[in-house]
Amino acid sequence: MPFRLTPTFRETLAAASRPLAGIWVCSGSPLVAEICAGAGLDWTLIDTEHSPHSLDSVLAQLQAVAAYPITPVVRVPVGDVVTIKQVLDLGAQNILVPMISSVTDAERAVSAVRYPPRGVRGVGSALARSARWNRVDGYLDDADGHVSLVVQIETREGVEAAAEIAAVDGVDGVFVGPSDLAASMGLLGQQTHPDVRTAVLRTFDAVRAAGKPVGVNAFDPDVADGYLSAGATFVLVGADVTLLARGSEALAARFVPQP
């Protein structure tokens, strides 16, 4: 029976009439991923860079959120060809690659998500959920259309090269990471520092001039609003683990006598 895959993040962004708001899923829990998927947000980031995710847990989370009208994006821990191949074969259609600081980095990421002759992705569609075990008609011929790639700029070097990175064929969007960018600028832990915000906005301008969507991470609602006003196309406005941490702390503050 022929199987139709869902629209990619690229297509979702192109069709949107407003910026898209998303949430990190860092807990590694398919149950928590499903709770977040049903909250009414536009997209979710399953993060394998800083979270206790395995291939098994990524698969389970993709399956858990599939029933909901939300677009899942998987951030791989590094732009490694084998890692990207495995995540794609799990059925992830949308990949975010961190620490992209040059055109060469971006081109390598593009190559990793594409089959030969345009790239180096290993061919295993008959064995993999990506093509639903060959139930997706013409998957190999249309594979580029089934996958979208967002690259993450989070260094000073990346900011300087943002226009060229965004212009790379096969890069569907650029996501700015203020936390690592702050560290790269000698401002560790100060992602809302004025100099960091200026660097983020410079990246916005360069990416938008290249005609590509640009996103950013901003858990502070006021900061998020500022970036949205500056032209962010997609934002991450919270995370499962931080919501649980801050919520449980608020309960403790309310009901437990403080020393």
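Just so you know, these numbers use all the heavy atoms, side chains as well, and skip hydrogens, waters and symmetry mates. Note that the structure is a prediction, hence the values are computed from the model and not measured. In what follows, residues are counted from 1 in the order of the sequence shown.
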Tell me, with the steps shown, if Val159 and Ile153 meet side-chain contact (heavy atoms from CB on, under 4.5 Å). CA-CA 7 Å; Val159 172; Ile153 288 178; 4.2 Å; yes

Do Gln190 and Met185 pass the side-chain contact (heavy atoms from CB on, under 4.5 Å) test, and can you show the C-alpha distance, the side-chain angles, and the key distance before you say yes or no? CA-CA 10 Å; Gln190 301 180 62; Met185 296 172 64; over 6 Å; no

Before you tell me yes or no, could you show the steps for Thr6 and Gln93 under side-chain contact (heavy atoms from CB on, under 4.5 Å), namely the whole-Å CA-CA distance, both residues' side-chain angles and the distance that decides it to 0.1 Å? CA-CA 9 Å; Thr6 58; Gln93 292 180 251; 2.9 Å; yes

Please determine whether side-chain contact (heavy atoms from CB on, under 4.5 Å) holds for the pair Arg108 and Ile84, giving the CA-CA distance in whole Å, both sets of side-chain angles, and the decisive distance to 0.1 Å. CA-CA 11 Å; Arg108 286 173 179 163; Ile84 291 173; over 6 Å; no

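At least one donor-acceptor pair closer than 3.5 Å links the side chain of Gln258 to the backbone N or O of Val256. In this structure a side-chain-to-backbone donor-acceptor pair under 3.5 Å is present from Thr48 to Arg75. Looking only at distances, a side-chain donor or acceptor of Asp240 sits under 3.5 Å from a matching main-chain atom of Cys26. For the pair His53 (side chain) and Val25 (backbone), a donor-acceptor distance under 3.5 Å is present. In this structure, the side chain of Ser229 engages the main chain of Asp225 through a donor-acceptor pair within 3.5 Å. Under the 3.5 Å distance criterion, the side-chain polar atoms of Arg10 are left unmatched by any main-chain donor or acceptor of Gly173. Using modelled atom types, one side-chain atom of Ser248 and one backbone atom of Ala245 make a donor-acceptor pair closer than 3.5 Å. Looking only at distances, no side-chain donor or acceptor of Asp180 sits under 3.5 Å from a matching main-chain atom of Glu154. At distances below 3.5 Å, not a single donor-acceptor pair connects side-chain atoms of Thr83 with backbone N or O atoms of Gly79. In this structure, the side chain of Glu34 does not engage the main chain of Pro30 through any donor-acceptor pair within 3.5 Å.
Note that the CD1 atom of Ile100 and the CD atom of Glu107 stand 11.0 Å from one another [nearest 0.5 Å]. The distance from the CD atom of Gln61 to the SG atom of Cys36 is 9.5 Å, given to the nearest 0.5 Å. Atoms CZ and OH, on Arg197 and Tyr227 in that order, are 6.0 Å from each other to the nearest 0.5 Å. Between atom CG of residue Leu244 and atom CD of residue Glu249 there is a gap of 9.5 Å, rounded to the nearest 0.5 Å. To the nearest 0.5 Å, atom CD1 of residue Ile46 and atom CD of residue Glu49 are 15.0 Å apart. Once rounded to the nearest 0.5 Å, the distance linking CD1 of Ile165 with CD of Glu160 reads 10.5 Å.
When the options Thr12, Asp42, Leu20 are evaluated for a side-chain contact (heavy atoms from CB on, under 4.5 Å) with Phe234, the one that passes is Leu20. When Asn94, Thr71, Asp172 are each tested for a side-chain hydrogen bond (donor to acceptor under 3.5 Å, both in side chains) with Ser148, only one passes: Asn94.
Leu149 is not connected to Leu236 by any chain of hydrophobic side-chain contacts under 4.5 Å among Ile, Leu, Val, Met, Phe, Trp and Tyr, and they are in different clusters. Placement of Leu201 and Val207 within a single hydrophobic cluster is found when ILVMFWY residues are connected by side-chain heavy-atom separations under 4.5 Å, directly or transitively. Under the 4.5 Å side-chain heavy-atom criterion for Ile, Leu, Val, Met, Phe, Trp and Tyr, Val196 and Val235 are members of the same hydrophobic cluster. No single ILVMFWY cluster, assembled from side-chain heavy atoms under 4.5 Å apart, contains both Val73 and Ile95. Each of Leu31 and Leu41 belongs to its own hydrophobic cluster when Ile, Leu, Val, Met, Phe, Trp and Tyr are linked at side-chain heavy-atom distances under 4.5 angstrom.
Nearest heavy-atom pair, Ala210 versus Ala163, reported as atom, atom and distance to 0.1 Å: CB-O, 4.2 Å. Of all non-hydrogen atoms in Pro213 and Thr233, the two that sit nearest each other are CA-OG1, 3.7 Å. Summarising the geometry of Ser57 relative to Pro52, their closest heavy-atom pair is OG-O, 4.4 Å, with the distance given to 0.1 Å. Across all non-hydrogen atoms, the minimal contact from Ala33 to Val65 is O-CG1, 3.6 Å. Contact detail for Leu181 and Val200: the closest heavy-atom pair is CD2-CG2, 4.0 Å. Considering all non-hydrogen atoms of both residues, Val151 and Ala109 come closest at CG1-CB, 4.5 Å.
Remark: Tyr139 engages His146 in a ring-ring contact (aromatic ring centres under 6.0 Å, His included) (not counting sequence neighbours).
By the 4.5 Å heavy-atom criterion applied to side chains, Leu96 and Gln152 are counted as neighbours. A heavy-atom distance below 4.5 Å is found between the side chains of Tyr115 and Val123. Ser125 has its side chain within reach of Asn134: a pair of non-hydrogen atoms, C-beta onward, lies under 4.5 Å apart. Side-chain contact between Ser184 and Glu157 is present, with at least one heavy-atom pair separated by less than 4.5 Å. Ile23 has its side chain within reach of Leu243: a pair of non-hydrogen atoms, C-beta onward, lies under 4.5 Å apart. Considering only heavy atoms from C-beta on, Leu62 comes within 4.5 Å of Pro72 through its side chain. Looking at Phe204 and Val174, their side chains never come closer than 4.5 Å, going by heavy atoms from C-beta outward. At least one side-chain heavy atom of Val76 sits under 4.5 Å from a side-chain heavy atom of Pro98.
Between the side chains of Asn217 and Trp24, a donor-acceptor pair is found at a separation under 3.5 Å.
Taking 4.0 Å as the cut-off between side-chain N and carboxylate O, Asp144 and Arg121 do not count as a salt-bridged pair.
Enclosure of atom CG in Leu140 by more than 12 non-hydrogen atoms of other residues, nucleotides or ligands within 6.0 angstrom is indicated.
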